[in-house]
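Notes for the one structure printed next.
Just so it is clear: chains get the letters A, B, ... in the order the sequence lines come, proteins before strands, and each one is counted from 1. Keep in mind that the numbers below use all heavy atoms, side chains included, and drop hydrogens, waters and symmetry copies.
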Amino acid sequence: MARELLGARLVSTVGGVRTVGVIVECEAYEGLDDPASHAATRTGATERNRAMFGPAGHAYVYRIYGMHWCVNVVTGRRDDPQAVLLRGVEPLEGEVEMSRRRRGRKPLAAGPGRLCEALGVDGALYGHDLRHPPLVLAPGWVVPDDAVGVSGRIGVRAAAERPYRFFVRGSAGVTR
DNA sequence: ACTCCGATTGTT
DNA sequence: ACAATCGGAGTA
């Protein structure tokens with residue numbers, strides 16, 4: 001599922017301003033059987049992770065380190081809490097606005113926290129249906145297999161070795 | 001009630 | 001290499 005999100009467009013009209021990016025890096029979180037997931041079996045459904053237990057195509061947004069936002073696309077069916085963390089996009093439209101939101105810092109949208117800041121994503125979009133504005137997951141381009149890299153997940157302790165991170169080789173929107 | 005620490009980022 | 005910054009989750 002995560003692999004297929006590469007090349008998709010993320011269209012934000014938060015604040016009435018249009019900013020668009022192509023997804024070039026993401027990570028899969030397998031829910032119940034995945035110790036790194038916020039929806040691992042031990043915890044079950046909680047106030048924070050309940051969006052992941054809902055239908056696919058909605059946003060699971062959470063705060064990390066008390067200061068950054070991260071956004072996931074829920075990919076499992078109801079009660080199957082799978083999700084894909086969006087880790088990086090390449091700007092397509094509204095690069096000036098993205099830079100303004102980022103207060104001139106670079107990189108612009110490489111990294112989950114930076115991506116959210118650049119596109120104006122925050123807790124107000126918790127559980128949001130990504131078929132509708134102000135945040136839409138739209139078709140983009142098919143990324144050929146030879147352009148896709150795979151690796152372990154970044155920043156996690158548990159099950160970090162699982163090959164669940166997918167990225168577009170050589171893209172400026174990919175971290176590290 | 002209290003402690004630990006994180007799916008990160010920016011600066012030293 | 002390390003600080004910033006705070007709420008979720010586990011323990012008591």
Any link between A:W69 and A:L137 through a network of hydrophobic side chains (Ile, Leu, Val, Met, Phe, Trp, Tyr) touching at under 4.5 Å?
-> yes
Which part of the nucleic acid does A:I64 contact within heavy-atom distance under 4.0 Å: base, sugar-phosphate only, or nothing?
-> sugar-phosphate
Measure the distance from CG on A:N49 to P on C:dG7 and round it to the nearest whole Å.
-> 18 Å
Among pairs that include at least one residue of residues 57-86 of chain A, which meet salt bridge (Lys or Arg N to Asp or Glu O under 4.0 Å), considering only residues two or more places apart or in two chains?
-> none
Which listed nucleotide (B:dA7, C:dA9, B:dT9) is nearest to the side chain of A:R48?
-> C:dA9
Determine whether any donor atom in the side chain of A:Y62 lies under 3.5 Å from an acceptor atom in the base of B:dA7, or the reverse, and answer yes or no.
-> yes
Counting side-chain heavy atoms from CB outward, which of C:dT5, B:dG10, B:dT8 is closest to A:M67?
-> C:dT5
A:E27 and A:R153 ion-paired at < 4.0 Å | no
Would you kindly give the OH-to-P distance between A:Y126 and C:dG8, to the nearest whole Å?
-> 11 Å
Report the distance from atom CD of A:E117 to atom C1' of B:dT8, rounded to the nearest whole Å.
-> 11 Å
May I ask you to check whether A:Y29 and A:H38 place their ring centers less than 6.0 Å from one another?
-> no
Rounded distance (Å) that lies between atom C1' of B:dC4 and atom OH of A:Y65 = 12 Å
Which nucleotide, in any strand shown, forms a Watson-Crick or G-U wobble pair with B:dA7, with both distances under 3.5 Å?
-> none
Would you find a donor on one side and an acceptor on the other, under 3.5 Å apart, between the side chain of A:N72 and the backbone of A:V74?
-> no
Examine B:dG10: is either OP1 or OP2 under 4.0 Å from a nitrogen or oxygen in the side chain of A:R114? Give yes or no.
-> yes
Can you tell me the distance, in whole Å, between the NE2 atom of A:H38 and the P atom of B:dA7?
-> 4 Å
Which one, B:dG10, C:dA9, B:dA7, comes nearest to the side chain of A:T46?
-> C:dA9
Which part of the nucleic acid, if any, lies within reach of A:R165 when heavy atoms closer than 4.0 Å are counted: base, sugar-phosphate only, or nothing?
-> nothing
Check every strand shown and say whether A:R63 touches a base, only sugar-phosphate, or nothing at a heavy-atom separation below 4.0 Å.
-> nothing
Whole-Å distance, A:E27 CD to B:dT8 C1', equals 12 Å
For atom CZ of A:R157 and atom P of B:dC5, their distance in whole Å = 8 Å
